[in-house]
There are 2 protein chains.
Amino acid sequence: MSTLPEKTIERLSMYRRVLQTYQDNQSEFIYSHELASLLHLTPVQVRRDIMLIGYSGTQRKGYSVKELINKIGDILDGNERINAVIIGMGHLGKAITNYFNTKRSKIDIVAAFENDSTKVDRIISGIKSYHTDSLEMILEESNVTIAILSLSPREAQDVTDRLVFAGIKGILNFTSVPLTVPEDVSLENYDMVTSMEKLAYFVKEKIRDENSL
Amino acid sequence: MSTLPEKTIERLSMYRRVLQTYQDNQSEFIYSHELASLLHLTPVQVRRDIMLIGYSGTQRKGYSVKELINKIGDILDGNERINAVIIGMGHLGKAITNYFNTKRSKIDIVAAFENDSTKVDRIISGIKSYHTDSLEMILEESNVTIAILSLSPREAQDVTDRLVFAGIKGILNFTSVPLTVPEDVSLENYDMVTSMEKLAYFVKEKIRDENSL
DNA sequence: TAAACAATGTTATTATTTTAACAATTATAC
DNA sequence: GTATAATTGTTAAAATAATAACATTGTTTA
Ligand SMILES: NC(=O)c1ccc[n+]([C@@H]2O[C@H](COP(=O)([O-])OP(=O)(O)OC[C@H]3O[C@@H](n4cnc5c(N)ncnc54)[C@H](O)[C@@H]3O)[C@@H](O)[C@H]2O)c1
Ligand SMILES: NC(=O)c1ccc[n+]([C@@H]2O[C@H](COP(=O)([O-])OP(=O)(O)OC[C@H]3O[C@@H](n4cnc5c(N)ncnc54)[C@H](O)[C@@H]3O)[C@@H](O)[C@H]2O)c1
């Protein structure tokens, strides 16, 4: 199967989550319009996404919840578990680590890195925290493909370069720094300020539109 | 000016941020290709966005950094400051509050709400935390338009309904719950698990592509 | 067993977003 | 001054994503 559209991948992740709670509570099958309604999407979009991943339901009956969950798992998770590290165990880093390692998931955060000596060589939020100096050493002896960046912006590009050099293939960047990475490294940015400013803009626009009617 | 495309709004927020640091360090003017390069975009996209907001640079000279910052400010910020509240002062809520109120911005987090009695009626991360029971009361006497949700998923929809009823116009949702809100309320969701799973998928795909060459 | 119905699966259309093409303009060099 | 080069502003085209249309098919009902 060729690479799926980005937006479809995002929705697959969301389908799976709601299917998992649906599975526990409800029926064995689910209709596209039910799944759509749980996520405020259209039934067509759900059907199209499911078509794209090559799964088929039964007409008049819907999709097998269990099979669909498994099929999504095949696509999102693959076979092996994925190891991640987190750089920067400040407020955000601790929140993320704490959150992630209380969820069941195929992705594990296996180590943290810190600069601040008071946070090094300790267990924080359930995982071992190392000094950033030993980044290369630790990464060499473990199979880590993803890094989460929640460190001070000032250090973000330097550490990124080292991560890339050490063979990291994906970066989830919470610093607002626009990172430079080579082509073969995937980069996901989340910028909370942008998110807030965007929301504020559309709130303003809606109020303006209402007043102008 | 009519409502701008969503993606343009996101980039405007990013333009402004890099322009602000550029302003402090460098020249009075900036070329589209320079601004593009700082954010890893194309010069065309930068020029098109700037066209859409109705600002003009000088050919052969570029854009006045100061004027462009101001123009973006007119669009994103409007005239008045915006007040926000945050619901749920757990790990994530504290991180966000702490982060936001150390930045200069037109958006202020003015109050927090909590259920846990040990976190109520105290100053946490610099802002006053109230019991969620008093949500309606506090919102009535202040001009708050935006709410940030970082509370337990279980309570998310209930609190959302109350926020909407109390007149909130925008919600930034960090719980992974697919919230139901009326048409006139803007909703921004950020789902960290989806973000991670998406990243993991594209990492896998890239590795697969490389192996199949 | 046949007709009606209600759901899926897929192709076609539309909307949004990005990228390309290029004309217009202005600073610089000669 | 005039030619040249470099940059903006805008329209056109391409790519991506969402929506609509509808044919297909399994299920129910009479
Ligand atoms: N907290 C939020 O809600 C939030 C929101 C958006 C963006 N961010 C961004 O996320 C990052 C972290 O935010 P925070 O609020 O947790 O800040 P913080 O100051 O609490 O944490 C930063 C941590 O990074 C560590 N650090 C610095 N250099 C390091 C290095 N070279 N290697 C390893 N660790 C290093 C520091 O010691 C500190 O513990 C910042 O870039 C911030 O801009 C945070
Ligand atoms: N921490 C993360 O990195 C992260 C990442 C993604 C999503 N989330 C989501 O963000 C939310 C918060 O995560 P967290 O890690 O901070 O969890 P947390 O348990 O540390 O914090 C949740 C807080 O919400 C409070 N709360 C519960 N019900 C409330 C109510 N009705 N009114 C006000 N406050 C209430 C609790 O008392 C608690 O302090 C959760 O929905 C979680 O799924 C967190």
Side-chain angles (χ1 to χ4, degrees), chain A residues 1-15 19 22 26-68 71-72 178 187 189 194 198 201-202 205, chain B residues 1-15 19 22 26-68 71-72 178 187 189 194 198 201-202 205:
Chain A
M1 193 192 313
S2 76
T3 300
L4 295 160
E6 194 166 327
K7 296 289 176 183
T8 294
I9 295 297
E10 290 177 11
R11 283 188 298 266
L12 288 176
S13 166
M14 302 194 292
Y15 294 154
L19 286 170
Y22 193 87
Q26 333 263 327
S27 136
E28 196 182 337
F29 288 86
I30 191 166
Y31 295 126
S32 62
H33 67 261
E34 293 173 315
L35 184 48
S37 150
L38 289 169
L39 288 160
H40 306 115
L41 304 170
T42 64
V44 197
Q45 191 156 63
V46 169
R47 292 207 299 278
R48 211 177 188 294
D49 286 335
I50 292 175
M51 183 195 84
L52 289 175
I53 66 175
Y55 178 67
S56 282
T58 313
Q59 262 156 348
R60 200 66 201 262
K61 223 171 150 191
Y63 303 95
S64 155
V65 175
K66 198 164 157 225
E67 282 179 20
L68 188 47
K71 185 73 188 185
I72 294 174
L187 182 59
N189 296 297
T194 292
K198 183 178 159 191
Y201 172 80
F202 284 107
E205 283 298 300
Chain B
M1 193 190 315
S2 77
T3 300
L4 294 161
E6 193 166 327
K7 297 289 177 182
T8 295
I9 295 298
E10 290 177 11
R11 284 189 297 266
L12 288 177
S13 166
M14 301 193 293
Y15 294 155
L19 286 171
Y22 192 88
Q26 333 264 328
S27 134
E28 194 181 338
F29 288 85
I30 191 167
Y31 294 126
S32 61
H33 67 260
E34 293 173 315
L35 183 47
S37 150
L38 289 169
L39 288 160
H40 307 115
L41 304 170
T42 65
V44 198
Q45 192 156 62
V46 169
R47 292 207 300 277
R48 211 177 189 293
D49 286 335
I50 292 175
M51 184 195 82
L52 289 175
I53 66 175
Y55 178 68
S56 283
T58 313
Q59 263 156 348
R60 201 65 204 265
K61 220 171 154 192
Y63 303 94
S64 155
V65 175
K66 199 165 156 224
E67 282 178 21
L68 188 48
K71 186 73 189 185
I72 294 174
L187 181 59
N189 296 297
T194 293
K198 183 178 159 192
Y201 172 80
F202 284 108
E205 282 300 300

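Proteins come first, then strands; the chains are lettered A, B, ... in the order of their sequence lines, and each starts at number 1.
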Checklist line | Residue pair B:Arg47 / B:Tyr63: nearest heavy atoms and the distance that separates them | finding: CG-OH, 3.6 Å
Margin query: Is A:Thr58 close enough to C:dA7 that one of its side-chain N or O atoms is under 4.0 Å from OP1 or OP2 there?
Written below: no
Item checked: Side-chain donor/acceptor of A:Tyr15 to backbone N/O of A:Asp49, under 3.5 Å -> no
Next item on the list: Between A:Glu6 and B:His33, name the one whose nearest nucleotide on DNA chain D is closer to the 5' end.
Entry: B:His33
Notebook entry, point to check: Considering only side-chain heavy atoms of A:Val44, which listed nucleotide, C:dA20, C:dG9, D:dA20, is closest?
Noted result: D:dA20
Note to self: Applying a 4.0 Å non-hydrogen cut-off, can you work out what B:Thr8 is touching in the nucleic acid: base, sugar-phosphate, or nothing?
What the structure shows: nothing
Item checked: Salt bridge B:Lys198-A:Glu6, side-chain N to carboxylate O under 4.0 Å -> yes
Next item on the list: Measure the distance from CZ on A:Phe29 to C1' on C:dT8 and round it to the nearest whole Å.
Entry: 13 Å
Check: Base, sugar-phosphate alone, or nothing: which one does B:Ser32 contact when heavy atoms must sit under 4.0 Å apart?
Finding: sugar-phosphate
Note to self: Between P on D:dA15 and CD on B:Gln45, what's the gap in Å once rounded to a whole number?
What the structure shows: 16 Å
Checklist line | A:Thr194 to B:Glu10 - nearest heavy-atom pair and separation | finding: CG2-O, 3.7 Å
Margin query: Run the side chain to side chain contact (heavy atoms under 4.5 Å, CB included) test against A:Thr42 and tell me which residues pass, sequence neighbours left out.
Written below: A:Val44, A:Gln45
Notebook entry, point to check: Side-chain donor or acceptor of B:Gln59 under 3.5 Å from a matching atom on the base of C:dA24?
Noted result: yes
Notebook entry, point to check: Is a side-chain donor or acceptor of B:Ser64 paired with a backbone partner of B:Glu67 at a separation under 3.5 angstrom?
Noted result: yes
Notebook entry, point to check: How close or far is atom P of C:dT10 from atom CG of A:Asp49, stated in whole angstroms?
Noted result: 14 Å
Checklist line | Closest listed nucleotide, where the reference is the side chain of B:Arg48 and the choices are D:dT19, D:dT27, C:dT18 | finding: C:dT18
Check: Atom NZ of A:Lys61 to atom C1' of C:dC5: distance rounded to whole Å?
Finding: 18 Å
Checklist line | Nearest listed nucleotide, side chain of B:Pro5, among C:dA27, C:dT17, C:dT8 | finding: C:dT17
Notebook entry, point to check: Between D:dT11, C:dT19, C:dT11, which one does the side chain of A:Met51 approach most closely?
Noted result: C:dT11
Check: Of the nucleotides D:dC22, D:dA12, D:dT19, which has the atom closest to the A:Arg47 side chain?
Finding: D:dC22
Note to self: Nearest whole Å is fine: how far is C:dT18 P from B:Leu39 CG?
What the structure shows: 13 Å
Margin query: With hydrogens left out and only the distance checked, is there a donor-acceptor pair under 3.5 Å joining A:Arg60's side chain and the base of D:dT27?
Written below: yes
Item checked: Protein-nucleotide distance (A:Glu10, atom CD; D:dT16, atom P), rounded to Å -> 15 Å
Note to self: Between B:Tyr31 and C:dT26, is there a contact of a side-chain N or O with OP1 or OP2 at under 4.0 Å?
What the structure shows: no
Check: Between atom NZ in B:Lys7 and atom P in D:dA15, what is the gap in whole Å?
Finding: 19 Å
Checklist line | d(CG, A:Leu35; P, C:dA7) in whole Å | finding: 14 Å
Item checked: Short side-chain N/O contact from A:Arg11 to OP1 or OP2 of D:dA17, under 4.0 Å -> no
